[in-house]
Amino acid sequence: MDINELDYKQPSFYKFNEDSTTLVSYVLKEFSEVNDVKNCLDYCCGCGIIGLELSQKLSINDLCLFDIQKEYSNYLNSNVEKFSRAQVTNIYFDLDELNHTKRKFDLIVINPPYFKEGAGRLPSNKNRKRARFYKHLELKSIIENALSLCEVGGRVIFCLKEDENNIVEIDFLLNSNDLLIKKYISNKLSIFDITLIEDRVTSGTL
């Protein structure tokens with residue numbers, strides 16, 4: 001995927017990068033022989049690039065998009081109108097609203113914020129900061145909540161730079177008997193591919 005050929009609408013405070021395209025490429029490879037994805041959720045979707053790119057290449061019946069920053073709204077709507085080949089049933093900006101739907105997804109993709117606050121210089125722009133930096137235990141909450149929204153037998157796939165802070169945040173995955181975890185490394189970016197073996201209920205917070 002040539003990142004320069006993608007013509008998505010984006011705000012000035014956020015530009016998608018190679019992490020997003022690497023994640024998309026991995027998912028497309030993994031699902032190359034899957035005929036149908038019933039329900040897909042792009043969690044921490046930003047401008048929707050990951051979910052919408054997947055809808056271009058996979059047969060996705062129902063695509064949902066979630067981010068906590070409403071500042072993405074106009075860009076998301078524009079990108080959905082132009083690029084989605086799936087039915088986009090909902091765009092959520094409220095985590096409680098998403099959780100209360102009690103919807104389950106067979107594919108959830110996440111490009112989460114992956115710098116912990118305090119680990120580097122924070123951007124002056126609050127929206128850029130929110131897109132790139134997470135607070136203590138927030139990354140763990142994102143992953144746990146995504147798992148609670150996953151169908152049994154479904155997959156949660158996310159990318160992460162494995163620095164010391166991030167490893168601490170996701171170490172709970174290693175002690176979870178209801179998960180099958182694969183890891184793929186590309187250009188110092190780790191992609192975690194998790195299959196949910198048993199149902200779980202977790203109420204995450206952001």
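Just so it is clear, the values below take in all heavy atoms, side chains as well, and ignore hydrogens, waters and symmetry mates.
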Check: [X] side chain, [Y] main-chain N or O, donor-acceptor pair, under 3.5 Å:
X: Q87; Y: D62; result: no
X: E151; Y: F105; result: no
X: S84; Y: A86; result: yes

Given L54, which partner from the list L28, I49, V37 fulfils the side chain to side chain contact (heavy atoms under 4.5 Å, CB included) test? L28

Which residue is it: I170, I110, I157, V156? I am looking for the one with a side chain to side chain contact (heavy atoms under 4.5 Å, CB included) to F192. I170

When you check the gap from the basic side-chain N to the acidic O, do [X] and [Y] get nearer than 4.0 Å?
X: K183; Y: E162; result: yes
X: K182; Y: E30; result: yes
X: D163; Y: K116; result: no

side-chain contact (heavy atoms from CB on, under 4.5 Å) for Y26 and D193? Distances and angles first, verdict last. CA-CA 10 Å; Y26 173 84; D193 185 347; 2.7 Å; yes

Separation between [atom1] of [X] and [atom2] of [Y], rounded to the nearest 0.5 Å:
X: I143; Y: S176; atom1: CD1; atom2: OG; value: 11.5 Å
X: Q10; Y: L76; atom1: CD; atom2: CG; value: 11.0 Å
X: L174; Y: I181; atom1: CG; atom2: CD1; value: 6.0 Å
X: D106; Y: L196; atom1: CG; atom2: CG; value: 12.0 Å
X: L52; Y: C47; atom1: CG; atom2: SG; value: 10.0 Å
X: N90; Y: R103; atom1: CG; atom2: CZ; value: 6.0 Å

Treating Ile, Leu, Val, Met, Phe, Trp and Tyr as nodes and any side-chain heavy-atom pair under 4.5 angstrom as an edge, say whether L173 and L189 lie in one connected cluster. no

Do the side chains of I197 and L179 join up, straight or via other hydrophobic residues, at under 4.5 Å, putting them in one cluster? no

If you compare all heavy atoms of [X] against all heavy atoms of [Y], which two are closest, and at what distance to 0.1 Å?
X: P113; Y: L139; result: O-CD1, 3.9 Å
X: G48; Y: L65; result: CA-CD2, 4.4 Å
X: R155; Y: C150; result: N-SG, 3.6 Å
X: L63; Y: S55; result: CD2-CB, 4.5 Å
X: T101; Y: L98; result: OG1-O, 2.6 Å

Any non-hydrogen side-chain atom of [X] less than 4.5 Å from a side-chain atom of [Y]?
X: C64; Y: D42; answer: no
X: N111; Y: C44; answer: no
X: I194; Y: F158; answer: yes

Go through it in stages, so that I can follow the logic: the residues are T21 and E18, the test is side-chain contact (heavy atoms from CB on, under 4.5 Å), and I'd like the CA-CA distance, side-chain angles, deciding distance and then a yes or no. CA-CA 5 Å; T21 57; E18 192 175 352; 3.9 Å; yes

Is it true that atom NZ of K70 has more than 12 heavy atoms of other residues, nucleotides or ligands lying nearer than 6.0 Å? no

Distance under 6.0 Å and angle within 45° of the ring axis: does K140 meet both against F172? yes

Less than 6.0 Å separating the ring centroids of Y43 and Y92? no

Report the relative orientation of the aromatic rings in F83 and Y8; use parallel for angles under 30°, tilted for 30 to 60°, perpendicular for over 60°. tilted

